[in-house]
Amino acid sequence: MKAKLIMSGLAALGVMAGTTGAYAQDAARDAIAERLAPVGQLCLQGQDCGTAAAPAGDSASSGGDIDGEGIYGNVCSACHESGAAGAPVRGNEEAWAERTEQGFATLLEHAINGIGAMPPKGGNPNLSDEEVEAAVAHLVEPVMDVPELGGGDEAASEEAAPEEETAEQTAAAEDGAASEEGATAEQEVAASEDAASEDEASASDEAASGGSDLDGESLYASAGCSACHATGVAGSPKLGDADAWSARLEKGADELYASAINGIGAMPAKGGNPNLADEEVMAIVDYMMAEAE
């Protein structure tokens, strides 16, 4: 009798141990899968970069189904978290005081069309006006009451109507006063472009891609690099400015890769977009180097 009890107990312990081991293996596999899951998603030019590249999150500050917080993190935070080029830091009431007095519609109009050192749509032209509105709502939420989203574009349009009318009248006057020298200059530029050889174009394309299949030009536009390098914000070398790039090109591609990946001076690591792979950053650097050579 005692032997039967002992055998039954040992069998029960064996079943429990096997079950526990199976659960532990499943938990371990789930943990590994979670660690290996991608932290972001690459968004190329022509895609819906405002929502596709933005991580899922709380949409309360962005309204509707648009993730304003995610768009802000991917496009706007590089400047508005560090204050680069005088950008007001998110949550800094003193820096935002005069701006919030202008109203949300004006701030949205500035974000869409650009102002000062900030390019239109923060340097990402693929964003829709609604996505910019959601990002602006998240940006200013700590320092002002954000109106219901969806009517900001109309309000901004009405507010900017007098300025647009004046701008149209000025443009019409300038067009009417255009000189023959301007027309001649355009003809010369067109002739110069027509004379460019196919061999040079092919060499430029190959250099811009860095010998890889990655499209550095598209990555440059969608990753937010143009926000600084299109205007020279915070001393960043402007795209295509040979003089600004000459000393940097002398350092060699490897050093420029390292600076772009790890950050240098006012530029954060990977331009403030941690979702970029090292190879994608290198493709962007290749494209910028080719434009400066």
Side-chain angles (χ1 to χ4, degrees), residues 38-59 61-92 96 99 104 107-142 146 149 152-153 156 215-234 236 239 260 263 266-277 280-281 283-284 287-288:
V39 298
Q41 191 175 35
L42 175 63
C43 177
L44 299 179
Q45 188 174 14
Q47 295 178 341
D48 187 4
C49 293
T51 54
D58 183 7
S59 62
S61 66
S62 62
D65 296 330
I66 301 178
D67 184 6
E69 181 179 358
I71 298 170
Y72 168 83
N74 280 309
V75 179
C76 317
S77 61
C79 292
H80 285 287
E81 289 295 322
S82 62
V89 175
R90 184 176 188 269
N92 187 327
W96 282 98
R99 295 174 170 88
F104 183 82
L107 297 179
L108 175 58
E109 190 271 333
H110 291 165
I112 292 174
N113 299 317
I115 184 172
M118 183 181 71
K121 298 184 177 182
N124 189 340
N126 292 326
L127 292 176
S128 68
D129 290 355
E130 290 75 16
E131 289 169 334
V132 176
E133 182 183 37
V136 172
H138 175 75
L139 171 61
V140 302
E141 186 180 37
V146 178
L149 301 187
D153 291 345
D215 188 347
E217 182 176 3
S218 295
L219 288 167
Y220 167 84
S222 63
C225 307
S226 60
C228 293
H229 287 285
T231 56
V233 168
S236 59
L239 181 69
M267 184 182 70
K270 297 185 177 180
N273 191 339
N275 292 330
L276 289 175
E280 292 167 340
V281 176
I284 294 172
Y287 165 69
M288 298 178 70

Visitor: Hey, what do you get for CD (E69) to CG (L139), rounding to the nearest 0.5 Å?
Guide: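 Separation between the atoms: 12.0 Å.
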Visitor: Looking at side-chain heavy atoms only, is the closest gap between M267 and S236 below 4.5 Å?
Guide: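 No, side chains not in contact.
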Visitor: Of all the heavy-atom pairs spanning A87 and C79, show the shortest one and how long it is.
Guide: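 Looks like CB-O, 3.7 Å.
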Visitor: Work out which heavy atom in A111 is nearest to a heavy atom in V136; give both atom names and the distance.
Guide: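 Heavy-atom minimum between the residues: CB-CG2, 3.5 Å.
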Visitor: Does any non-hydrogen side-chain atom of I112 lie less than 4.5 Å from one of K121?
Guide: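 They are in contact (side-chain heavy atoms under 4.5 Å apart), so the answer is yes.
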Visitor: Applying side chain to side chain donor-acceptor pair (under 3.5 Å), name anything that partners Y72, two or more places apart in sequence or on another chain.
Guide: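 Listed in chain order: E81.
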Visitor: Over 60° means perpendicular and under 30° means parallel, so classify the ring planes of Y287 and Y220, tilted if in between.
Guide: tilted
Visitor: Rounded to the nearest 0.5 Å, how far apart are CE of M288 and SG of C225?
Guide: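 Reported value, rounded in 0.5 Å steps: 6.5 Å.
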Visitor: Which pair of heavy atoms, one from V89 and one from S82, lies closest together, and at what distance?
Guide: CG2-C, 4.2 Å
Visitor: So do I284 and L276 actually touch side chain to side chain, heavy atoms under 4.5 Å?
Guide: yes
Visitor: Do you know the tightest heavy-atom contact between L127 and E131?
Guide: CA-OE1, 3.4 Å
Visitor: Is there a donor-acceptor pair closer than 3.5 Å between any side-chain N or O of R90 and the backbone N or O of S77?
Guide: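 The answer is no, because no donor-acceptor pair under 3.5 Å joins these two groups.
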Visitor: Can you name the residues that form a side chain to side chain contact (heavy atoms under 4.5 Å, CB included) with P119, not counting sequence neighbours?
Guide: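 Side chain to side chain contact (heavy atoms under 4.5 Å, CB included) check on P119 returns A227.
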Visitor: Nearest 0.5 Å, what's the CD1-CD distance between I71 and E133?
Guide: 10.5 Å
Visitor: When rounded to the nearest 0.5 angstrom, what distance separates CD in E109 from CD1 in I115?
Guide: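 Separation between the atoms: 8.0 Å.
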Visitor: Report the residue from V140, D129, V132, N113 that forms a side chain to side chain contact (heavy atoms under 4.5 Å, CB included) with L108.
Guide: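 Between L108 and the candidates, side chain to side chain contact (heavy atoms under 4.5 Å, CB included) is satisfied uniquely by V132.
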Visitor: Please tell me if the side chains of P88 and R99 come closer than 4.5 Å, counting only heavy atoms from C-beta onward.
Guide: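 Yes - at least one pair of side-chain heavy atoms lies under 4.5 Å apart.
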Visitor: With sequence neighbours left out, write down each residue that passes side chain to side chain contact (heavy atoms under 4.5 Å, CB included) with A277, or none if nothing qualifies.
Guide: E279, E280
Visitor: Give the minimum heavy-atom separation between H138 and P142, together with the two atoms involved.
Guide: O-CD, 3.8 Å
